[in-house]
Amino acid sequence: MKKHLPLSFPRKPTILRAASRSLIPSAIAHWLGVRAIAIAPEQVAVREGLRAGVAVGTVMLLALYLHTPLMAWSAFAAFWTCLVDPGGLLRPRLATMLKFAALGTVISGSVSAAAGFGLVPAFLALGVSVFGCALGRLRGAIATQIGVLAAIVAVVAVCYPFPPDVALRLSGLFALGAIWATLICVLAWPVDPYTPLRLACAAVLREEERMTRRMLDLMKPDGQSRKPQRASAGAFRREIRSRIERTRGRIEVLSADAISSRTRATLMPAVEACDRIFIALIAFEHAVLSGETSRTARRTVRVVTTTLHRMALETQRPEPRPERLLRQQRLLARIAEQETDLFSKGAHVCAQAVQDLITAWQTLSTPQAHATSQTRSGAARPAAVPRAQGLRHAARLCVCVLIAYAISLRLNLPYAYWAMMAVVVVTQPRVTTTLPRTIERVIGSIAGGLLAAVMGVLLPVWSILLLIFPLAAATIALRSVNYALCVMFMTQLFVLVTDLVSPGLGWDVALARAINNIIGSLVGLAGCLLLWPERRDAPLATQVAEAFRANIRYAALATGPEILSWSQIESARRKAGTTSTLAEIQYQTARLEGLRRSDQIAKARDILFLLRKLAGAASVWWMEKTPNPTPAVRQRAELYSRLAERFDPAEHSLSSTTDRQDLPLEDLLTLLEKLDLADLEDEHIVAVSHGYPL
């Protein structure tokens, strides 16, 4: 009789899993992802959401039954405790929630009591609390989450000025809600702590599968036009490259305990195999967009598609079954035996990647697997910010919160804590992350406020009470999916809870929520721009030039006389991909900042598109390389070698700085356009490659 492997969980399709997959269709998620809108539908946490719904809903029922409006604090405490839950193993989860409960209990009572003595003590208590909470960034990601939510407790408490005895009661209600939520999160619906990581790995493989299916559509006789697909190729590759790097980073910080090290040893080979297959897919896509539709090409892409599908299914299992990949590996190896064209050579790369993954997974079942995986994983590295940056951010956040508090008092805004909460969650150490967070916060608040206002006016009290449960569940379930969606449901939750404890306000609550969030978001953004601004990222032109150098270097290695192995060329390929991705992110940010540099932005867009094409061509050249190159291939290798020597700073001494100055974007675009046309003897290309003045 078949037995479950150790540490496995039943993975049969359930109603909850089906619901989580249907909330956000993969096609919509992919469309948003290639447009630089971060969304991860595979991270929908339905069970965690249900736990939060129970924790918040039961407290609200008790508050209404006892006719105690102040018990809304217990509901908020329960919600924030569910929000601070980092997931993972039980011990660190429990420690995180208890630390937040203790910190929130102290802050809620002390800040409320200080506010009861007047404005000056209120400002002092609020400033000290926010500054201290913001210093949590110096201690890593979990401490950052605790600090952000504890700062939110402070900004809400300052709007509840009470005498010391009532403030003590308020802190007790906070502790009650936090402890209740902790018990619910720890005892109810136990889940596999590493499911999000496995789903993230599987999502990358499914994105690559989508890439291959797109190629199959293009190779049909009545397939889609290649011109629009060629224009979107860079966005597809950027999204996959970003997902690979994000997933690799999340896996690398897993700790060295038994279960974590085994999870790391399971998932890291899957990410590496995914990365190696990606280079073959880039080459395949380049060939397909150039018109390749041969029978071998179609067969190879079909086999790679089924291989990626099977890899995704096995990767999301707690105990993957390597034997399920053997058939696909054999099919790829059989195609690779021909070694006649690009697709058979690409099949060889994919077959090797799958074989290495099978070997790694089979090794996990051996007696020494635990010791090996524990040695490889090492200690976790906390994702802390540099000390100077953390202190600057804490001071900036403190000033911005106090400014928002002063504005709300001056304008006599109702529910002023919403403006300060927006400042806390929007303000990030870097402007590049603050700007999109501000936009998502404003959009989510307006949408959620309008929906909550409609529900508050049209629905009776009992139905609003019933909505508390699904809204709390949806907020927690979507917190890792997309920030704007999370804020939209969170806004509805807060507005309806406020309406329940203060009935009759209706539209006013939703309008106040939207206005306060807009004010707070703008204050946070202004603070990042004006208060001790950090050194900005390199200008767009510099980022594009860096991507140009990295891609030229990759092309030079791919076309060079030596036949390089995967490990020898992998570093240059990754650098070309990551620098192009960073430049594309900077390009998207420049578009959001305005149209002042519209001409430069357009040139950067065209250059980055051509660089993605060059990377695809370089992958093709690397896989097609033979010991006896033709004269045309040697000419191309010499050209890219000269270009790399001119533009790569590593190839020059300090005395030749003038020779390696970056070309203007106009000249880079002209050069890449001529390279794209394969006009290797063009006078412009020859002059640039030899370093002559233009």
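Excluded from the calculations below are hydrogen atoms, water molecules and symmetry mates; all remaining heavy atoms, backbone and side chain alike, are included. By convention here, the first residue in the shown sequence is residue 1. In this text the structure is predicted, and so the values were computed from the model without any measurement.
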(message) Can you confirm whether Val155 sits close enough to Val401 that some side-chain heavy atom of one is under 4.5 Å from a side-chain heavy atom of the other?
(response) yes
(message) Classify the ring geometry of Trp73 against Trp80: parallel below 30°, tilted from 30° to 60°, perpendicular beyond 60°.
(response) perpendicular
(message) Do Tyr405 and Leu119 have side chains that approach each other closer than 4.5 Å (heavy atoms only, starting at C-beta)?
(response) yes
(request) Of all the heavy-atom pairs spanning Cys133 and Gly147, show the shortest one and how long it is. (result) CB-O, 3.2 Å
(request) Using a 4.5 Å cut-off on heavy atoms from C-beta on, say whether the side chain of Leu168 contacts that of Ser171. (result) yes
(request) Could you please spell out the steps behind the side-chain contact (heavy atoms from CB on, under 4.5 Å) verdict for Met97 and Cys185? (result) CA-CA 9 Å; Met97 289 185 283; Cys185 290; 3.9 Å; yes
(message) Nearest 0.5 angstrom please: Gln389 CD to Leu138 CG, how far?
(response) 9.5 Å
(request) Check Val54 against Trp180 and note the closest heavy-atom contact, atom names and distance. (result) O-NE1, 4.3 Å
(request) For residues Leu70 and Phe162, determine if any side-chain heavy atom of one lies less than 4.5 Å from a side-chain heavy atom of the other. (result) yes
(request) Measure the OG1-CG distance between Thr144 and Leu135 for me, rounded to the nearest 0.5 Å. (result) 10.5 Å
(request) Heavy atoms only: give me the nearest Val423-Leu397 pair and the separation to one decimal. (result) O-CD1, 3.7 Å
(request) Starting at CG of Leu402, measure out to CG of Leu124 and round the result to the nearest 0.5 Å. (result) 9.0 Å
(message) Between Ser110 and Ile107 (side chain of the first, backbone of the second, donor and acceptor by atom type, cut-off under 3.5 Å), is there such a pair?
(response) yes
(message) Treating Ser129 as the side-chain partner and Leu126 as the backbone partner, does any N or O pair qualify as donor plus acceptor under 3.5 Å?
(response) no
(message) Tell me whether Gln316 contacts the main-chain N or O of Ala200 through its side chain, where contact means a donor paired with an acceptor under 3.5 Å.
(response) no
(request) Look only at the side chain of Ser74 and the backbone of Val59, and say whether a donor-acceptor pair between them is shorter than 3.5 Å. (result) no
(request) Taking the side chain as every heavy atom from C-beta outward, state whether Asp85 and Arg51 have any atom pair closer than 4.5 Å. (result) yes
(request) Give, for atom OG1 of Thr263 and atom CE of Met268, the distance between the pair rounded to the nearest 0.5 Å. (result) 12.0 Å
(message) Checking the side chain of Thr68 only, and the main-chain atoms of Leu66 only, is there a donor and an acceptor separated by less than 3.5 Å?
(response) yes
(message) Under the criterion side-chain contact (heavy atoms from CB on, under 4.5 Å), I'd like the reasoning laid out for Thr427 against Cys528: C-alpha separation, chi angles, the key distance, then a yes or no.
(response) CA-CA 7 Å; Thr427 307; Cys528 288; 3.7 Å; yes
(request) Name all residues meeting the side-chain contact (heavy atoms from CB on, under 4.5 Å) criterion together with Ala416; count only those two or more places apart in sequence or in a different chain, and write none if there are none. (result) Cys159, Ser408
(message) A side-chain contact here means heavy atoms from C-beta on lying under 4.5 Å apart; do Asp165 and Arg169 qualify?
(response) no
(request) Would you mind reporting whether Tyr417 and Val158 have side-chain heavy atoms less than 4.5 Å apart? (result) no
(request) Before giving the answer on side-chain contact (heavy atoms from CB on, under 4.5 Å), spell out for Gln428 and Arg137 the whole-Å C-alpha distance, their side-chain angles and the decisive distance to 0.1 Å. (result) CA-CA 10 Å; Gln428 303 293 315; Arg137 287 187 182 272; 3.3 Å; yes
(message) Looking at every non-hydrogen atom in both residues, tell me the closest pair between Cys201 and Ile251 and how far apart they are.
(response) SG-CD1, 3.6 Å
(message) Between Ser108 (side chain only) and Thr105 (backbone N and O only), is there a donor and an acceptor less than 3.5 Å apart?
(response) yes
(message) Looking at every heavy atom in both Ala181 and Cys82, which two are closest together, and how far apart are they?
(response) CB-SG, 4.1 Å
(message) For the OG1 atom of Thr81 and the CG atom of Leu183, what is their distance to the nearest 0.5 Å?
(response) 10.5 Å
(request) Hey, could you give me the CE/CG distance between Met71 and Leu62, rounded to the nearest 0.5 Å? (result) 4.0 Å
(message) Please check this pair: side chain of Thr58 against backbone of Ala55, looking for a donor-acceptor N/O pair closer than 3.5 Å.
(response) yes
(message) I'd like to know if the side chain of Asn516 reaches the main chain of Pro414, judged simply by a donor and an acceptor atom lying under 3.5 Å from each other, with no hydrogens or angles considered.
(response) yes
(message) Checking Ile519 against Leu413 for the side-chain contact (heavy atoms from CB on, under 4.5 Å) test, could you report, in this order, the C-alpha distance in whole Å, the side-chain angles of both residues, the deciding distance, and whether it holds?
(response) CA-CA 11 Å; Ile519 292 174; Leu413 295 176; 3.7 Å; yes
(message) Show the nearest heavy-atom pair for residues Val148 and Val424, with the distance to one decimal.
(response) O-CG1, 3.7 Å
(message) What I'd like to find out is whether the side chain of Phe117 reaches to under 4.5 Å of the side chain of Pro164, using heavy atoms alone.
(response) yes
